Each structure stands twice: as structure tokens, then as C-alpha cells.
Amino acid sequence: MLPTAQAAPGPYGSLVRLIFALTALGLMANALYMLAAPYHWFIHLPGDVPDFGPFNVHMVRDIGCANLVFGGVAVVALLRPVYSLAAAWLLTAFYGAHALVHVFDTARGHVHGGHWLMDLPLVYIPALIFLALGLFLGAQTANKSGALT
């Protein structure tokens with residue numbers, strides 16, 4: 001059986017729920033924007049998306065579907081805290097892979113160096129938040145099971 005995490009006690013539980021709620025809201029709103037108005041999203045999203053390549057309506061909608069699924073992962077964690085550890089690691093993988101693609105593209109000069117700072121709030125920080133959350137919930141779960149004392 002996989003280890004699970006219950007909601008953290010006290011203020012940590014509220015913070016964990018807030019992180020999942022904001023993530024669900026952000027990912028699902030972005031997904032709906034991408035699916036409903038892909039060209040408008042491509043042109044107007046902060047972060048100079050066109051710097052990364054030409055518009056492709058199918059690709060924008062595919063990524064919108066991925067955002068919708070991962071928003072659903074955050075909703076599951078919010079509604080069923082027993083799945084919060086698994087959700088945190090899934091979201092770490094999603095945001096982490098996204099961040100690594102941005103690191104690669106920026107480091108190799110595919111986009112201008114201003115993307116390091118521009119991508120910080122919506123690319124790099126979410127990856128770090130979910131890495132920290134996964135580590136926190138994993139330690140909490142290990143402590144409850146007696147694995148760490």
C-alpha cells in the first residue's frame with residue numbers, strides 16, 4: 001500500500017489546502033482560457049509565449065487539456081487530503097518538467113535572458129513550492145508511520 005498523508009494539523013493544514021485551492025483555480029482557469037481562446041491566450045499571456053515558437057492551435061489546446069487534468073489533481077487533494085502526498089508529487093513532476101524545459105530553452109539562448117526573471121512567478125516558483133510541499137508531506141507521513149523518529 002502506498003503511503004498517504006492526512007491534512008497537516010493547525011496552520012500547516014490551512015496552508016496546504018490554500019496551495020491546492022489556488023493551484024486548482026489557476027490551472028483550471030488557464031486550461032479553460034487555452035481551450036476557449038487559444039490564439040488570445042498565446043498572444044496575451046504574460047511571459048511572452050510567442051518567444052518560444054509559432055502559434056499552433058492544436059498544441060495550445062493539448063496543453064490546455066494537461067492543465068485541466070493537473071487542476072483536477074489539485075481538486076482531488078483538496079477534497080480528499082489522503083491523496084495530498086501523491087498529488088504534491090504529481091504536481092511537482094508537472095511543474096518541474098515545465099521548469100526544466102524553460103531552463104533548457106533559456107540557457108541555450110532559444111529565448112532572451114529576460115525569461116529567467118519573467119518565468120519566475122508562473123514557472124519556477126510553482127515547481128519549488130510543490131517540491132517543498134512533497135518533501136513536507138512525505139516527512140509528515142514518514143513520521144506518522146514511524147519511519148523517521
Side-chain angles (χ1 to χ4, degrees), residues 1-9 11-141:
M1 184 159 169
L2 293 173
T4 58
Q6 294 295 328
Y12 292 116
S14 296
L15 180 59
V16 169
R17 289 183 55 78
L18 179 64
I19 290 169
F20 281 121
L22 291 175
T23 298
L25 180 65
L27 285 172
M28 290 187 153
N30 190 47
L32 294 175
Y33 186 16
M34 295 172 88
L35 293 168
Y39 187 72
H40 193 273
W41 176 91
F42 182 79
I43 296 300
H44 296 289
L45 187 77
D48 288 339
V49 175
D51 288 356
F52 290 92
F55 174 70
N56 179 321
V57 67
H58 181 88
M59 186 66 66
V60 171
R61 286 190 170 136
D62 277 352
I63 297 167
C65 290
N67 275 260
L68 196 60
V69 168
F70 283 104
V73 167
V75 168
V76 168
L78 187 61
L79 298 176
R80 299 288 307 271
V82 69
Y83 297 116
S84 60
L85 177 59
W89 287 122
L90 286 168
L91 287 159
T92 299
F94 174 67
Y95 282 118
H98 182 214
L100 288 174
V101 169
H102 278 253
V103 166
F104 178 75
D105 281 345
T106 307
R108 72 184 177 107
H110 178 70
V111 294
H112 61 84
H115 274 275
W116 291 115
L117 186 58
M118 188 183 316
D119 295 341
L120 188 64
L122 296 177
V123 177
Y124 301 126
I125 289 177
L128 294 173
I129 287 171
F130 277 100
L131 176 61
L133 186 60
L135 292 171
F136 170 75
L137 292 173
Q140 174 188 345
T141 301

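From a predicted model like this one, the values you see are computed outputs, not experimental measurements.
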How far apart are the closest heavy atoms of [X] and [Y], and which atoms are they?
| X | Y | answer |
| --- | --- | --- |
| G138 | L85 | N-CD1, 3.4 Å |
| T106 | H115 | OG1-CB, 3.8 Å |
| L137 | S84 | CD1-O, 3.7 Å |
| M28 | L68 | CE-O, 3.9 Å |

Taking the six-membered ring for Trp, is the centroid-to-centroid distance between H40 and Y33 below 6.0 Å? yes
Roughly how far, to the nearest 0.5 Å, is [atom2] of [Y] from [atom1] of [X]?
| X | Y | atom1 | atom2 | answer |
| --- | --- | --- | --- | --- |
| N30 | I63 | CG | CD1 | 10.0 Å |
| F136 | T141 | CZ | OG1 | 9.5 Å |
| T23 | L18 | OG1 | CG | 8.5 Å |
| L35 | D62 | CG | CG | 9.5 Å |
| I19 | L78 | CD1 | CG | 11.5 Å |

Run the side-chain hydrogen bond (donor to acceptor under 3.5 Å, both in side chains) check on D51 and H112 step by step: do they pass? CA-CA 8 Å; D51 288 356; H112 61 84; 3.2 Å; yes
Could you check if a side-chain atom of V73 sits within less than 4.5 angstrom of a side-chain atom of Y83, using non-hydrogen atoms only? no
For the residue pair H98 and H102, categorise the inter-ring angle as parallel (less than 30°), tilted (30 to 60°) or perpendicular (more than 60°). perpendicular
Under 30°, 30 to 60°, or over 60°: which ring-plane class applies to Y95 and F130, parallel, tilted or perpendicular? parallel
Name all residues meeting the side-chain hydrogen bond (donor to acceptor under 3.5 Å, both in side chains) criterion together with D105; count only those two or more places apart in sequence or in a different chain, and write none if there are none. R108
